[in-house]
There are 2 protein chains.
Amino acid sequence: MTQDLILKNISKHISLNEEETAYFISLLKYKEIAKKDRLLKEGEICKNINYVHSGALRAFYNHKGDKEATIMFAIADWWITDMYCFVGQKPAMMYIEAIEDSCLFQLTKQNLDMLFVKVPKFEKFFRILMQNAYIREQLRILQNLSQSAEERYDSFLSKYPQIAQKITQKQIASYLGITPEFLSALRKNKAKV
Amino acid sequence: MTQDLILKNISKHISLNEEETAYFISLLKYKEIAKKDRLLKEGEICKNINYVHSGALRAFYNHKGDKEATIMFAIADWWITDMYCFVGQKPAMMYIEAIEDSCLFQLTKQNLDMLFVKVPKFEKFFRILMQNAYIREQLRILQNLSQSAEERYDSFLSKYPQIAQKITQKQIASYLGITPEFLSALRKNKAKV
DNA sequence: TGAAAAAATTAAGATAGATTAAGAACCTAG
DNA sequence: CTAGGTTCTTAATCTATCTTAATTTTTTCA
């Protein structure tokens, strides 16, 4: 367990002195989670924002108790939470589940708020993090509105090859908004050509 | 032309003293735009982020020269830009068009960057703005993945009644990701019941 | 005010993608 | 190493939504 990676992630956008670094580290909680275990369940208060040190996670929404809609994947060096419920400390709408054994650093809402007060530079860091997340989601919407399932599958593979390796077809399908059966048919078609 | 509204918008999340207020106002450019005119065209560098003082705007992506995908609407007291292209000062992917005669306050990227340096509180303001935008887009993705066109139409009407009044069926359809013909059929169905 | 343009509706035929069901190929835990 | 559970595939059938095209209604602006 080392904070090197998360500090490097932070240093992409802001520089911290020793004191600030030490304070930041003091607020982090280290957590290991086994494959298939859940970090967050629907209805629970979403207490933490999570930095993925290693492993892979998936956030999904369980629609009417059966169909799963995958909201996002997160692999090493990504941040993940149910942002809506985290910022409002409301019961979660989604599940967050480990796809592999994973190591995380967690920040509670309370600690993050303290961090913003004591080291205001972190406002900038999270401003950029939220900005990038917004841009990513907006691009995904644009693709969902304008592309066919096959085009979206191709985009996904070329944009997130490292993620595609780690997950099942079923999970890819639930991210693309199609059934696993239809994805299977798409793949068969592509293989032919 | 008065900055009251935009200052009130800012004061929802941060407080400014007189000097900061004056400096902020000095960076704003006031702009009026007539219905149907375009604030931004595909390929142009996206120079500004825009606060809507009055009126209404629509951001859309023009897919393969024909189908339009509406990314967002913005009415009074909203902010709008092509965020991806604004932050990277890249050629825009989208069009931004006035739905009605509108009045805006604009901030260039350069002025916004200066603002962040001189009044770091604005990092917090934009952190919250981006956070809310991210949450909104993520919720929209969730709905696109898990709901039928009719359910999305109902959500849109109940979430944005003020916007729904100002726009055409065609624009609603392009926001929902369906054809105007199909939306018309949905509406006919609802009217029956 | 009236002509032209744009939007909305209707309806018929087409299709992308869903559903169901069954078998084959895998994990994974005991 | 094996049994039971997932996951993946295949194929038939079904359905939500698209396409096209014609007609009506509404809006625009000269």
Side-chain angles (χ1 to χ4, degrees), chain A residues 34-38 56 58 60 62-70 73 95 97-101 143-157 163-193, chain B residues 34-38 56 58 60 62-70 73 95 97-101 143-157 163-193:
Chain A
K35 183 171 178 169
K36 296 212 172 162
D37 277 1
R38 290 183 171 170
R58 180 173 75 104
F60 62 95
N62 198 314
H63 184 58
K64 294 180 183 161
D66 54 338
K67 275 180 283 185
E68 288 181 2
T70 294
F73 298 103
Y95 295 85
E97 189 176 287
I99 291 173
E100 311 178 325
D101 292 351
Q143 291 188 338
N144 281 196
L145 294 179
S146 62
Q147 299 187 335
S148 69
E150 184 172 355
E151 289 169 323
R152 280 178 278 140
Y153 177 58
D154 291 340
S155 296
F156 179 75
L157 290 187
I163 295 179
Q165 284 167 14
K166 293 173 185 265
I167 64 182
T168 64
Q169 301 297 122
K170 193 183 165 189
Q171 288 166 348
I172 295 180
S174 92
Y175 179 89
L176 298 177
I178 59 179
T179 58
E181 293 84 357
F182 187 60
L183 178 55
S184 183
L186 287 185
R187 284 160 54 80
K188 191 185 168 190
N189 252 318
K190 300 182 83 63
K192 256 191 247 168
V193 190
Chain B
K35 183 170 180 171
K36 294 213 174 161
D37 277 0
R38 289 181 173 173
R58 179 172 76 104
F60 62 95
N62 198 315
H63 183 57
K64 294 179 183 163
D66 56 336
K67 273 179 284 183
E68 288 181 1
T70 294
F73 299 103
Y95 296 84
E97 189 176 287
I99 290 174
E100 312 178 324
D101 291 350
Q143 290 188 338
N144 280 196
L145 293 179
S146 62
Q147 299 187 335
S148 69
E150 183 172 355
E151 288 169 324
R152 281 178 277 139
Y153 177 58
D154 291 340
S155 297
F156 179 76
L157 291 186
I163 295 179
Q165 284 169 12
K166 293 173 186 263
I167 63 182
T168 63
Q169 301 296 124
K170 194 183 165 189
Q171 289 167 348
I172 296 180
S174 93
Y175 179 88
L176 298 177
I178 61 179
T179 59
E181 293 83 356
F182 186 59
L183 178 55
S184 181
L186 287 184
R187 284 160 54 80
K188 191 184 169 192
N189 251 320
K190 298 183 83 64
K192 255 191 247 165
V193 188

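Residue numbers begin at 1 in each chain, while the letters A, B, ... track the order of the sequences.
- Among residue pairs with one or both ends in residues 167-177 of chain A, none qualify as salt bridge (Lys or Arg N to Asp or Glu O under 4.0 Å); sequence neighbours excluded.
- Closest approach of A:Gln171 to A:Ile99, counting heavy atoms only: OE1-CD1, 4.3 Å.
- Within the helix from C:dT1-D:dA30 to C:dG30-D:dC1, the inter-axis angle between the opening and closing five-pair segments is 60°, rounded to 10°.
- Residues satisfying the ring-ring contact (aromatic ring centres under 6.0 Å, His included) test with A:Phe60, not counting sequence neighbours, are A:Tyr95.
- Contacts of A:Ala185 with the nucleic acid, taken as non-hydrogen atoms under 4.0 Å apart, are absent.
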For nucleotides 24-29 of chain C, which of its nitrogen or oxygen atoms have a protein nitrogen or oxygen under 3.5 Å away, and what is each distance?
{"unit_1": "C:dT28", "atom_1": "OP1", "unit_2": "A:Lys35", "atom_2": "NZ", "d": "3.2"}

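- Remark: A:Ala149 pairs with A:Arg152, A:Ile178, A:Phe182, A:Leu186 by the side-chain contact (heavy atoms from CB on, under 4.5 Å) rule, at least two apart or across chains.
- Annotation: side chain to side chain donor-acceptor pair (under 3.5 Å) contacts of A:Asp154 (sequence neighbours excluded): A:Lys190.
- By the side chain to side chain donor-acceptor pair (under 3.5 Å) test, B:Ser146 is found to be paired with no residue, residues two or more places apart in sequence or in another chain being considered.
- Legend: residues meeting side chain to side chain donor-acceptor pair (under 3.5 Å) with A:Glu68, ordered by chain and number and at least two apart, are A:Arg58.
- Scanning all heavy atoms of the two residues, the minimum distance from A:Ala34 to A:Ala98 falls at O-CB, 3.5 Å.
- Between B:Lys188 and C:dA11 there is a side-chain polar atom (N or O) within less than 4.0 angstrom of OP1 or OP2.
- With sequence neighbours left out, the salt bridge (Lys or Arg N to Asp or Glu O under 4.0 Å) criterion links B:Glu181 to no other residue.
- Going from atom CD of B:Gln169 over to atom C1' of C:dT9 covers 10 Å, rounded to whole Å.
- A pairwise comparison of heavy atoms in A:Leu145 and B:Gly177 identifies CD2-CA, 3.5 Å as the closest pair.
- Residues from residues 171-184 of chain A lying near DNA chain C, meaning a heavy-atom separation below 4.0 Å, are A:Gly177, A:Ile178, A:Thr179, A:Glu181, A:Phe182 in numerical order.
- Contact between A:Ala164 and A:Leu157 at its shortest, heavy atoms only, is CB-CD2, 3.7 Å.
- Of all non-hydrogen atoms in B:Phe156 and B:Ile167, the two that sit nearest each other are CZ-CD1, 4.0 Å.
- Atom CG in A:Asn144 sits roughly 15 Å away from atom C1' in C:dA16 (whole-Å rounding).
- Protein chain A contacts DNA chain D over a range whose 5' and 3' limits, counting nucleotides with an atom under 4.0 angstrom from a non-hydrogen atom, are D:dT7 to D:dA11.
- Considering only residues two or more places apart in sequence or on other chains, B:Lys166 meets the side chain to side chain donor-acceptor pair (under 3.5 Å) condition with B:Glu100.
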